[in-house]
> 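Please read through the structure below; I'll follow up with questions.
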Amino acid sequence: MAERRRWRSVRARATAGATLVIAVVMLVGAFAFLEILRGTVLGASARAGEVRAEELAGQVEAQGPDAVDGLEDEIVQLLSPGGDVEVASEDAPEASPPFAGEPQVSTIDDEPVLVITEELDGGGTLVLGVPIDDEMETLGTVTLLLTVSVPLVVLLVAGITWFVMGRALSPVARITAEVDDITAARLDRRVPVPASGDEIAALAETMNAMLERLDAAASAQRRFISDSSHELRSPLATIRQHAELAQAHPEVTSMTELADVALDEGLRLQGLVDALLLLARLDEGAPSPDEPVDLDDLVLAEASRLRTSGIAVDESGVGPARVHGNPQLLGQLVRNLTDNAARHARRSVAISLTQRDGRVVLMIDDDGDGIPEAQRERVFDRFVRLDEARDRDAGGSGLGLAIVRGVARAAHGVVTIEDAPLGGARFTVTLPAGS
């Protein structure tokens, strides 16, 4: 299996592709070069032979057939109009070699010759054979060299490609080996980044960034499980302690007191579970109703609720505004923000709601101590309560602002924190306007 995977690797496929391309190019180039060289060499011999044939034809027409009969070291024949050999030189064969109108290669006495013909005025034909053994030897030598060199070049290219691809992909092997050893318990490990600065280095950096995010997500999940377990255990422990006290010392408590404790802690436990379930649905991106929501109605209702609890609420800045989303979730967002403002306010809370340029902006201010700039991102984490609000009764469960951010993101909006004109914190929620 490993051997098959090796030959299906990028290295093997790149080497095979480069080898095939260079082999085709070399073969086509070799054949083209041989044809060009053959045409050039034989063309030069043919031009020289045609000049000699014209010269001999002139001598025959001036001196008669005897001009051919006495030639030595040349292959010359005079043919009758019917194609029979009338006169031949000493080295010429008795039979006429096959010929056409154009110069062509033939074999005479096992030697290659270039047959050239020249028409005579009397209707006969002069046939001249030009020896081309040197030219054919040259072509044979070139052919042998190409036969040897082409495979060698192809093999050399294949070897270089295999080596270069191996060097280029060696960081991938190290990255693969490192990733194989990374488990959920060892997300702190990172893959090696080569110093090449190429695409593989970019891939390694991207994988390290991904591992960084996974490590952060796993750490956040572990913290979330630990914090939620602690938060859920606290009301259960309170109920159990009062139940054990009532069982061991019934004279120091009553069923009414035990029922009140169980009811209060049960409500707190239910609130925690509901908040955790809501955050889980937001994390999963579960589909929810998407309908027009008059956000000003939700804001005014929460302002009235706060006013009944004794908080001075300035709602003069609330104008009509409509968004698209889940009315229950958006109501939870407004309630969590107003409860947070009321929890930290000294005397008053100011709420404004405007719609402009296709955006709806909700701002909730309080006159409390504000939130330090270094803590403004951290307060949206789950189970986070700042030092001044660590008491559970005053500070809540630490899930309210996490729900606010989750709902805002689900509605394609954002939540920011800045200093409020009243002296405390201003929470600003920006959402797309609905029609």
Side-chain angles (χ1 to χ4, degrees), residues 224 228 266-309 311-345 349-366 379-384 396-418 420 425-435:
F224 177 74
S228 60
L267 290 175
R268 180 179 160 201
L269 187 61
Q270 180 181 352
L272 283 171
V273 172
D274 290 342
L276 290 173
L277 289 175
L278 177 56
L279 285 171
R281 289 201 304 271
L282 292 173
D283 289 341
E284 293 173 357
S288 61
D290 187 8
E291 58 187 73
V293 178
D294 291 323
L295 195 59
D296 52 310
D297 291 344
L298 300 178
V299 171
L300 292 174
E302 290 301 321
S304 298
R305 183 180 64 85
L306 282 187
R307 194 175 290 108
T308 59
S309 64
I311 298 292
V313 180
D314 179 8
E315 58 188 51
S316 60
V318 177
R322 175 172 289 187
V323 297
H324 270 281
N326 186 322
Q328 286 74 28
L329 293 182
L330 292 171
Q332 186 73 51
L333 178 148
V334 175
R335 170 159 293 194
N336 287 3
L337 286 178
T338 53
D339 284 346
N340 180 77
R343 184 180 301 117
H344 295 89
V349 171
I351 305 176
S352 69
L353 180 66
T354 58
Q355 179 173 333
R356 61 179 180 271
D357 300 329
R359 310 293 290 179
V360 171
V361 180
L362 169 66
M363 291 188 294
I364 300 180
D365 303 346
D366 65 70
V379 295
F380 291 108
D381 293 339
R382 297 168 186 183
F383 297 108
V384 169
S397 67
L399 296 176
L401 294 182
I403 291 174
V404 167
R405 170 164 283 185
V407 173
R409 285 178 174 173
H412 309 290
V414 293
V415 185
T416 58
I417 303 175
E418 55 189 344
R426 165 176 285 181
F427 283 79
T428 302
V429 180
T430 305
L431 300 171
S435 55

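Values below: every heavy atom of this structure, side chains too, minus hydrogens, waters and symmetry copies. As the structure is a computational prediction, the values presented were derived from the model and not from experiment.
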> If the condition is side chain to side chain donor-acceptor pair (under 3.5 Å), which residues does T354 pass it with, not counting sequence neighbours?
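Side chain to side chain donor-acceptor pair (under 3.5 Å) check on T354 returns R356.
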
> Looking at residues at least two apart in the chain, or sitting in another chain, which of them share a side chain to side chain donor-acceptor pair (under 3.5 Å) with D365?
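With neighbours one apart ignored, the set is R426.
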
> Can you give each donor-acceptor pair under 3.5 Å made by side-chain atoms of residues 295-305, sequence neighbours left out, with the distance rounded to 0.1 Å?
from, atom 1, to, atom 2, distance (Å)
E302, OE1, R305, NE, 2.7
E302, OE1, R305, NH2, 2.7
E302, OE1, R335, NE, 3.3
E302, OE2, R335, NE, 3.2
E302, OE2, R335, NH2, 3.2
S304, OG, L300, O, 3.1
R305, NH1, D339, OD1, 3.3
R305, NH2, D339, OD1, 2.6

> Considering the options L337, T416, L353, which one meets the side chain to side chain contact (heavy atoms under 4.5 Å, CB included) requirement together with V429?
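Only one of L337, T416, L353 forms a side chain to side chain contact (heavy atoms under 4.5 Å, CB included) with V429, namely L337.
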
> Kindly indicate whether the side chain of T430, heavy atoms from C-beta on, has any atom under 4.5 Å from the side chain of V360.
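Of all side-chain heavy-atom pairs linking V360 with T430, none is under 4.5 Å.
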
> Can you name the closest pair of heavy atoms from L431 and A408 and give their distance?
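That would be CD2-O, 4.2 Å.
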
> Using only atom types and a distance under 3.5 Å, with no angle test, would you say the side chain of N326 pairs donor to acceptor with the backbone of Q328?
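Yes; judged by distance alone, with no hydrogens or angles, the pair exists.
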
> Can you spot which of V415, I417, N340, D381 makes a side chain to side chain contact (heavy atoms under 4.5 Å, CB included) with L401?
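Among the candidates, only N340 passes.
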
> Show which side-chain atoms of residues 311-319 pair as donor or acceptor with protein atoms under 3.5 Å away, not counting sequence neighbours.
from, atom 1, to, atom 2, distance (Å)
D314, OD1, S316, N, 3.1
D314, OD1, S316, OG, 2.8
E315, OE1, R307, NH2, 2.7

> List the steps, then state whether side-chain contact (heavy atoms from CB on, under 4.5 Å) holds for E418 with T428.
CA-CA 8 Å; E418 55 189 344; T428 302; 3.7 Å; yes

> So do the side chains of V349 and T338 get within less than 4.5 Å of each other, counting heavy atoms only?
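SC-SC contact between V349 and T338 ruled out.
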
> Output, in order, the C-alpha distance, side-chain angles, deciding distance and verdict of side-chain contact (heavy atoms from CB on, under 4.5 Å) for T308 and L306.
CA-CA 5 Å; T308 59; L306 282 187; over 6 Å; no

> Just verifying a value: how many Å separate F427 CZ and D366 CG, rounded to the nearest 0.5 Å?
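Here the interatomic distance stands at 7.5 Å.
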
> Is any side-chain heavy atom of D294 closer than 4.5 Å to a side-chain heavy atom of V323?
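When only atoms from C-beta onward are counted, V323 and D294 do not touch, as no gap falls below 4.5 Å.
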
> So which heavy atom on A411 is nearest to which on P432, and how close?
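Shortest heavy-atom separation between A411 and P432 comes out as O-CD, 3.4 Å.
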
> Which pair of non-hydrogen atoms, one from P327 and one from G325, has the smallest distance, and what is that distance?
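The pair with the smallest heavy-atom distance is CD-O, 3.4 Å.
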
> At their closest point, which heavy atom of A321 faces which heavy atom of Q355, and how far apart are they?
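Shortest heavy-atom separation between A321 and Q355 comes out as CA-OE1, 3.2 Å.
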
> What pairs of residues pass the side chain to side chain donor-acceptor pair (under 3.5 Å) test when at least one of them lies in residues 403-413, not counting sequence neighbours?
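Every pair satisfying side chain to side chain donor-acceptor pair (under 3.5 Å) with a residue in residues 403-413: E377-R405.
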
> So, using side chain to side chain donor-acceptor pair (under 3.5 Å) as the criterion, who are the partners of Q332 when residues are at least two apart?
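Q332 satisfies side chain to side chain donor-acceptor pair (under 3.5 Å) with N336 once adjacent residues are dropped.
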
